[in-house]
Visitor: 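Pasting a structure here, questions to come.
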Amino acid sequence: MSEFNPEQFLGAALSAPLTKRPPASAGRPFDATIQSIKFRQGVSEKDPANPRPWFAADIPLEIELPQDEAARVGQAKITLTDSVFLDTTPTGGLDMAPGKNRGLRRYYEATGLNKPGTTMNHLPGQRVKVLLKHEVAKDGSGDLYERVDTITKA
């Protein structure tokens, strides 16, 4: 394994132009494996007079592409990160009220883990099936980006 040297990296010239790969097909089911979940938090400033904290779980999915799709896209696997906002209680716990944490519930239901005693630590390594959708970049470039649309049981 080589060591990363930032000074060498900053001075390295490109040997070829960097290129964007084609997006994986939207609306086609793909097998995926949930990777290690990371958390983010911040403060919403939509209403400056009433700033509100927010919490999100970033759920990386390693998506296996079938041979025909892998040939079109140029790689056998892609990793997309699905971010789900978390509804919490005033004391900092996960809000378990009906209708709360819909994004997280999709993962628990798709993995068969939507039951008492399950933690988010049980999700990495679980297999699911995903459907992707495409969104146009907001920077005006016209680039298409894949987003997770639907998650179901593998």
Side-chain angles (χ1 to χ4, degrees), residues 4 6 9-90 92-111 113-114 120-121 123-154:
F4 178 73
F9 180 73
L10 289 172
L14 293 177
S15 58
L18 299 172
T19 59
K20 182 171 174 44
R21 69 166 169 78
S25 295
R28 180 175 179 181
F30 297 115
D31 291 326
T33 304
I34 299 171
Q35 304 298 301
S36 295
I37 299 169
K38 294 189 169 90
F39 295 92
R40 290 180 295 123
Q41 65 183 44
V43 177
S44 172
E45 296 181 14
K46 288 181 182 177
D47 179 3
N50 185 25
R52 296 179 44 168
W54 57 263
F55 304 91
D58 291 333
I59 305 172
L61 298 164
E62 184 178 78
I63 300 170
E64 300 167 22
L65 301 177
Q67 192 171 13
D68 64 322
E69 188 75 1
R72 188 184 69 73
V73 169
Q75 56 196 73
K77 295 179 181 180
I78 60 173
T79 300
L80 295 180
T81 301
D82 188 20
S83 295
V84 296
F85 282 97
L86 302 174
D87 296 311
T88 58
T89 63
L94 196 61
D95 193 336
M96 302 302 289
K100 297 293 184 177
N101 288 296
R102 294 179 314 215
L104 188 56
R105 186 185 72 241
R106 294 186 320 163
Y107 282 93
Y108 280 118
E109 288 176 349
T111 57
L113 296 173
N114 194 14
M120 290 178 82
N121 289 327
L123 291 174
Q126 296 291 317
R127 310 245 324 136
V128 294
K129 195 150 305 262
V130 297
L131 287 176
L132 304 179
K133 64 182 177 180
H134 292 159
E135 290 183 2
V136 178
K138 295 177 182 168
D139 64 5
S141 67
D143 287 341
L144 290 180
Y145 290 98
E146 306 111 333
R147 300 285 185 249
V148 174
D149 187 32
T150 305
I151 302 156
T152 60
K153 291 184 180 188

Visitor: What's the spacing between K100 NZ and D87 CG if we round to 0.5 Å?
Guide: 5.0 Å
Visitor: How about L86 and L104: do any of their side-chain heavy atoms sit closer than 4.5 Å?
Guide: yes
Visitor: Can E62 and R127 be counted as an ion pair, charged N to O under 4.0 angstrom?
Guide: no
Visitor: Only one of K133, R106, R147 forms a salt bridge (Lys or Arg N to Asp or Glu O under 4.0 Å) with D82, so which one is it?
Guide: R106
Visitor: How far apart are the closest heavy atoms of V73 and P23, and which atoms are they?
Guide: CG2-O, 4.2 Å
Visitor: Between V84, D58, T81, L123, which is the residue that forms a side-chain contact (heavy atoms from CB on, under 4.5 Å) with I37?
Guide: L123
Visitor: Are the side chains of W54 and F85 in contact, using a 4.5 Å heavy-atom criterion?
Guide: yes
Visitor: Could you check whether any side-chain heavy atom of R28 comes within less than 4.5 Å of a side-chain heavy atom of E69, counting everything from C-beta outward?
Guide: yes
Visitor: Check whether the side chains of T79 and Q35 place a donor and an acceptor atom closer than 3.5 Å, and report yes or no.
Guide: no
Visitor: Got a donor-acceptor contact below 3.5 angstrom from the Y107 side chain to the I34 backbone?
Guide: no
Visitor: Got a second to check how far K153's NZ is from Q126's CD, nearest 0.5 Å?
Guide: 11.5 Å
Visitor: Kindly indicate whether the side chain of K38, heavy atoms from C-beta on, has any atom under 4.5 Å from the side chain of P60.
Guide: no
Visitor: Is a donor on one side and an acceptor on the other found under 3.5 Å between the side chain of R52 and the backbone of K46?
Guide: no
Visitor: I need the minimum non-hydrogen distance between L61 and A32, along with the two atoms involved.
Guide: CB-CB, 4.3 Å
Visitor: Mind listing the closest non-hydrogen atom pair of P29 and L131 along with its distance?
Guide: N-CD2, 3.3 Å
Visitor: Could you measure the distance from the CD1 atom of I63 to the CG atom of L132? Nearest 0.5 Å is fine.
Guide: 5.0 Å
Visitor: Before giving the answer on side-chain contact (heavy atoms from CB on, under 4.5 Å), spell out for F39 and M120 the whole-Å C-alpha distance, their side-chain angles and the decisive distance to 0.1 Å.
Guide: CA-CA 11 Å; F39 295 92; M120 290 178 82; 3.8 Å; yes
Visitor: Please determine whether a side-chain nitrogen of the Lys or Arg among R102 and E109 lies less than 4.0 Å from a carboxylate oxygen of the Asp or Glu.
Guide: no
Visitor: Can you tell whether the side chains of D143 and K20 come within less than 4.0 Å, N to carboxylate O?
Guide: no
Visitor: Would Q75 and R21 count as a side-chain contact (heavy atoms from CB on, under 4.5 Å) if you check the C-alpha gap in whole Å, the side-chain angles of each, and the deciding distance to 0.1 Å?
Guide: CA-CA 9 Å; Q75 56 196 73; R21 69 166 169 78; 3.5 Å; yes
Visitor: When rounded to the nearest 0.5 angstrom, what is the spacing between OH in Y145 and CD in E135?
Guide: 11.0 Å
Visitor: Do T33 and E64 touch side chain to side chain, with heavy atoms closer than 4.5 Å?
Guide: yes
Visitor: Is it the case that the side chain of H134 and the backbone of S25 share a donor-acceptor pair, with hydrogens and angles ignored and the cut-off at 3.5 Å?
Guide: no
Visitor: Will you find, in the side chains of D95 and T89, an N or O donor that is under 3.5 Å from an N or O acceptor?
Guide: no
